[in-house]
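Encoded as structure tokens, the structure appears first; notes follow it.
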Amino acid sequence: SVTDGRGVHAAPSTQRAEDSSESREEEQALEGRDLDMLFPAGAGKLPLNFTHQTPPWREEYKGQVNLHVFEDWCGGAVGHLRRNLHFPLFPHTRTTVKKLAVSPSGRTMDSVFWFHPPRDVQFSVASDDNSEFWLSLDESPAAAQLVAFVGKTGSEWTAPGEFTKFSSQVSKPRRLMASRRYYFELLHKQDDRGSDHVEVGWRAFLPGLKFEVISSAHISLYTDESALKMDHVAHVPQSPASHVGGRLPQEDTSADMLRPDPRDTFFLTPRMESSSLENVLEPCAYAPTYVVKDFPIARYQGLQFVYLSFVYPNDYTRLTHMETDNKCFYRESPLYLERFGFYKYMKMDKEEGDEDEEEEVQRRAFLFLNPDDFLDDEDEGELLDSLEPTEAAPSRSSPPSPAPAGPPGTPAGPEAAGLPGRPPPAALCAEAPPRPRASRSKPSPQVYVTRVCGLESGHFLPPGPAAARGPWAAFPGVFLARPLPRVQLRAAAGPAAPRPHSRGPQPGRGQEGQARTLGPAVPTVDSNLSSEARPVTSFLSLSQVSGPQLPGEGEEEEEGEDDGAPGDEAASEDSEEAAGPALGRWREDAIDWQRTFSVGAVDFELLRSDWNDLRCNVSGNLQLPEAEAVDVAAQYMERLNARHGGRFALLRIVNVEKRRDSARGSRFLLELELQERGGGRLRLSEYVFLRLPGAHVGDADRESPEPAPAASVRPDGRPELCRPLRLAWRQDVMVHFIVPVKNQARWVAQFLADMAALHARTGDSRFSVVLVDFESEDMDVERALRTARLPRYQYLRRTGNFERSAGLQAGVDAVEDASSIVFLCDLHIHFPPNILDGIRKHCVEGRLAFAPVVMRLSCGSSPRDPHGYWEVNGFGLFGIYKSDFDRVGGMNTEEFRDQWGGEDWELLDRVLQAGLEVERLRLRNFYHHYHSKRGMWSVRSRKGSHMGAS
């Protein structure tokens with residue numbers, strides 16, 4: 001929440017801000033910059049227009065200040081507040097306070113006041129989290145300057161009344177006149193943690209004085225807002241601290257989608273006349289096999305019959321900047337990537353002298369494993385829950401023989417893989433590596449490494465009786481349920497032993513053979529060693545299981561490290577050197593910095609299919625291979641120039657969209673930028689069909705009034721392009737945006753401003769806004785429509801509770817032209833400039849409907865810094881010809897009378913059953929603004945707040 005109080009009654013003694021005792025570095029730093037450079041104008045925002053004239057001041061304004069609260073917005077920095085779409089004009093709450101110390105519950109504040117100060121004063125601001133205090137040299141908001149602040153990143157905060165924690169909190173001395181009023185503004189941002197407070201203190205510039213909170217005797221209102229509705233914003237001052245026209249400079253965004261793309265403005269290029277494209281391609285029937293006309297579809301099962309289109313060139317709709325935590329684009333499960341990363345795509349280069357057997361173990365250690373050795377996604381959770389170490393029952397038989405076996409009491413066979421129980425507190429230990437599964441004819445290729453350690457001393461233990469080691473069962477480390485602590489092992493000082501040929505457990509060897517897999521043989525030591533030293537089984541990378549390296553001469557050991565048995569702790573370092581190297585010393589794991597690897601180019605796009613993936617919400621549009629797009633464009637240009645004698649030259653391929661039908665062929669939307677000989681640049685945007693040779697035409701083709709000759713075949717047997725019948729889009733068709741609203745003043749104002757900006761930027765007058773108002777009380781919706789600069793609009797008023805289905809149906813019914821497009825819309829949408837062109841291209845009467853995928857922004861995110869996900873499950877934004885909408889029965893207003901959610905899926909079922917295709921694409925720069933549902937559609941909070949006169 002944000003507060004914005006306006007007006008300060010401050011009376012400095014003189015206007016001599018140039019007092020020699022004061023430093024004006026802050027003012028000079030700000031005044032030396034051009035405000036347009038400091039606050040660059042943002043897209044879709046009004047130009048900077050700071051307020052120079054203040055409203056008339058009245059005596060009754062004394063004793064309180066205006067407070068504006070912006071709720072439900074994430075972040076703790078004032079910069080986060082400025083990203084709010086409604087800041088500073090449309091707060092959730094307008095109210096007043098009587099002193100400059102406010103602690104609203106879970107809110108953020110930006111305020112402006114007037115004061116009557118002493119002569120030479122210092123100001124200080126304290127808050128949790130960040131805040132800024134701006135002060136003008138007079139009562140004009142345009143002259144406000146930043147004089148004190150708490151933090152810039154959102155992590156800084158102070159305790160209440162802690163006015164000197166940061167140097168930035170305290171302003172330099174200011175000389176003010178008691179007979180004047182001074183405008184000030186206080187911005188405060190608080191996240192959902194900590195103690196929400198902000199206060200401004202001042203003191204006379206004299207030694208030893210403390211800051212005191214500015215009280216009601218020195219403040220006054222900027223203006224009286226008690227009788228204003230929420231859409232009345234002309235009185236809100238525009239200052240350098242808070243204004244509509246721009247935002248603070250920001251770093252380059254990490255979202256590739258924001259980078260310029262020719263698609264974004266290609267609609268401005270003149271389109272080729274349809275007469276120039278006649279007879280370029282032969283006509284052919286178009287009846288894809290994936291159309292489910294008259295096919296019975298269960299409720300909400302239409303989602304399974306929606307297919308995705310392939311796009312060329314890359315439109316960068318993949319949210320790569322959101323894949324830090326969400327890696328669903330890759331085929332591996334999140335658990336697998338968390339454990340092993342992408343090592344399986346790497347092949348370590350072979351070192352000279354490495355034997356084949358060692359190379360195989362290294363290859364497996366770097367996860368070049370057989371996929372059959374891993375569990376399915378469904379089994380991972382069960383295995384991780386069940387594979388917990390437990391104490392094995394003591395063996396009642398004779399001591400184990402040298403043959404490979406599990407710990408005493410551990411059953412043989414697959415059951416030895418894991419036993420129910422809880423892990424030890426510091427490390428998992430095992431007496432012996434797991435046995436191979438009895439059901440396999442050869443040892444499992446999964447890599448296990450067993451090593452022993454002392455949990456405190458770090459000593460290497462030789463094999464010994466089971467009693468000297470922990471009773472923990474064998475545990476295959478590749479399936480560890482949680483990360484284990486690293487245990488540093490040190491080798492004994494002495495000559496290095498040859499590197500072993502295998503680092504994994506080898507059947508047929510005893511415990512002594514297993515110890516040798518880790519390094520040189522270790523002499524037997526007394527079994528009274530610390531009982532906390534136990535073997536550890538874990539999955540290690542190559543650097544951790546590489547051969548031991550001995551410490552060099554003169555290398556110092558770590559202080560406080562145990563030397564082995566408890567009796568050895570008192571021995572001095574000199575006595576140790578005289579007696580020889582300590583037994584079982586290992587140095588830290590060595591890292592081979594010269595290790596290189598080989599990798600091949602991996603195109604993960606080739607692994608994706610065109611079915612509607614409802615599980616991954618960060619992947620972008622499917623990518624069409626370049627060779628296929630170039631081949632289709634080359635065929636078309638060849639036929640076009642054959643028809644017009646080489647009159648057109650191809651400048652670039654702007655966009656190619658492919659819908660695949662493996663049985664009959666593929667449909668393409670071809671968009672090319674051409675240069676006409678002796679003319680200008682032209683835009684070609686047409687649907688073409690690449691029909692497979694010998695493809696059989698179904699009964700649906702006989703519905704076409706024209707004959708459908710078979711597509712010709714090239715001499716090399718490859719299919720040729722043809723013009724699909726009844727699949728041409730209209731550039732001049734009217735688009736009607738249907739939006740139901742109720743008590744959403746700030747969002748209605750923003751929507752109308754965006755629509756007006758769309759009209760101004762594109763010059764397109766062939767669209768209309770239809771608002772269906774359910775008795776909104778917070779603004780005059782009809783008046784807002786009249787004053788908005790829209791080419792066309794309709795206002796419909798309905799009574800009763802808000803009903804989305806009924807509102808959409810009423811809006812469509814108000815459209816008279818059946819051959820126009822209706823776009824069922826939401827109020828909280830940010831539209832790209834090419835939205836009208838995108839809707840028209842993907843809606844064809846009797847053939848195509850359009851359901852673009854919108855990116856849902858996260859809390860605190862904005863279109864200039866988008867963080868969020870694609871709404872892959874939502875079909876509420878839907879474009880369709882009115883004639884088709886009426887033919888499928890319109891909205892289901894009976895079942896979805898008092899609720900919304902699911903009505904879009906139910907409509908999708910009927911659209912597909914009517915034989916229409918639904919085009920599904922992610923649109924660049926197409927966003928759904930974050931908003932809270934609290935207070936929407938007349939749902940009132942328990943404690944009322946002043947929202948203006950209703």
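Nothing fancy with the numbering, it's 1 onward along the sequence. Only heavy atoms go into these numbers, but all of them, side chains included; no hydrogens, no water, no symmetry mates. Everything numeric in this text was worked out from a predicted model, so none of it was measured.
In this structure, His86 has its ring center at least 6.0 angstrom away from the ring center of Trp73. With ring centers used as reference points, Phe737 lies under 6.0 Å from Phe831.
Using a cutoff of 4.0 Å between basic side-chain nitrogens and carboxylate oxygens, Glu845 and Arg887 are not scored as salt-bridged. A salt bridge links Asp613 with Arg615: the closest approach of a Lys/Arg side-chain nitrogen to an acidic carboxylate oxygen falls below 4.0 angstrom. Between Arg840 and Asp837, none of the side-chain N atoms (NZ, or NE/NH1/NH2) sits under 4.0 Å from a carboxylate O, so this pair counts as no salt bridge. Electrostatic pairing of Arg659 and Glu917 counts as a salt bridge here, judged by a charged N lying under 4.0 Å from a carboxylate O.
With Leu808 as the partner, the side-chain contact (heavy atoms from CB on, under 4.5 Å) test is satisfied by one option alone out of Leu907, Thr893, Asp904, Leu824: Leu824. Results of the side-chain contact (heavy atoms from CB on, under 4.5 Å) test with Glu657 over Leu670, Asn621, Leu669 single out Leu669 as the only residue that passes. With Asn655 as the partner, the side-chain hydrogen bond (donor to acceptor under 3.5 Å, both in side chains) test is satisfied by one option alone out of Lys841, Glu673, Glu671: Glu671. A side-chain hydrogen bond (donor to acceptor under 3.5 Å, both in side chains) with Ser309 is found for one member of Arg920, Arg667, Glu919 and no other, namely Glu919.
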(request) Show the numbers, then the answer: is there a salt bridge (charged side-chain N to carboxylate O under 4.0 Å, His left out) between Asp610 and Arg660? (result) CA-CA 8 Å; Asp610 59 352; Arg660 181 173 59 191; 3.5 Å; yes
(request) List the steps and the verdict of ring-ring contact (aromatic ring centres under 6.0 Å, His included) for Tyr290 and Tyr307. (result) CA-CA 9 Å; Tyr290 50 75; Tyr307 298 91; 5.8 Å; yes
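Glu777 and Asn743 make their closest contact through N-OD1, 2.6 Å (heavy atoms, listed as atom of the first residue, atom of the second, distance). When all heavy atoms of Thr269 and Leu682 are compared, the pair lying nearest together is CG2-C, 3.8 Å.
Residues forming a side-chain contact (heavy atoms from CB on, under 4.5 Å) with Val739 (at least two apart in sequence, or on another chain): Val741, Phe751, Leu771, Cys825, Leu827. For Phe267, the ring-ring contact (aromatic ring centres under 6.0 Å, His included) test picks out no residue, with sequence neighbours left out. For Met322, the side-chain contact (heavy atoms from CB on, under 4.5 Å) criterion is met by Leu319, Val618, His867, not counting sequence neighbours.
The aromatic rings of His842 and Phe850 lie parallel to each other, with less than 30° between the two planes, well short of the 60° mark.
For the pair Lys742 and Phe802, the cation-pi criterion (under 6.0 Å, within 45° of the ring axis) is not fulfilled.
Counting heavy atoms of neighbouring residues, nucleotides and ligands inside a 6.0 Å radius, atom CG of Asp886 exceeds 12 of them. Heavy atoms of other residues, nucleotides or ligands lying less than 6.0 angstrom from OH of Tyr795 number more than 12.
Side-chain atoms of His232 never come within 3.5 Å of backbone atoms of Leu228 as a donor-acceptor pair (strictly under, hydrogens ignored). Side chain of Ser861 to main chain of Leu857: no donor-acceptor pair is present (N/O by atom type, distance under 3.5 Å, no hydrogens or angles). The main-chain N or O of Val888 is found under 3.5 Å from a side-chain atom of Arg910 such that the two form a donor-acceptor pair.
Looking only at side-chain heavy atoms (C-beta outward), Lys882 and Asp817 stay at 4.5 Å or farther from each other.
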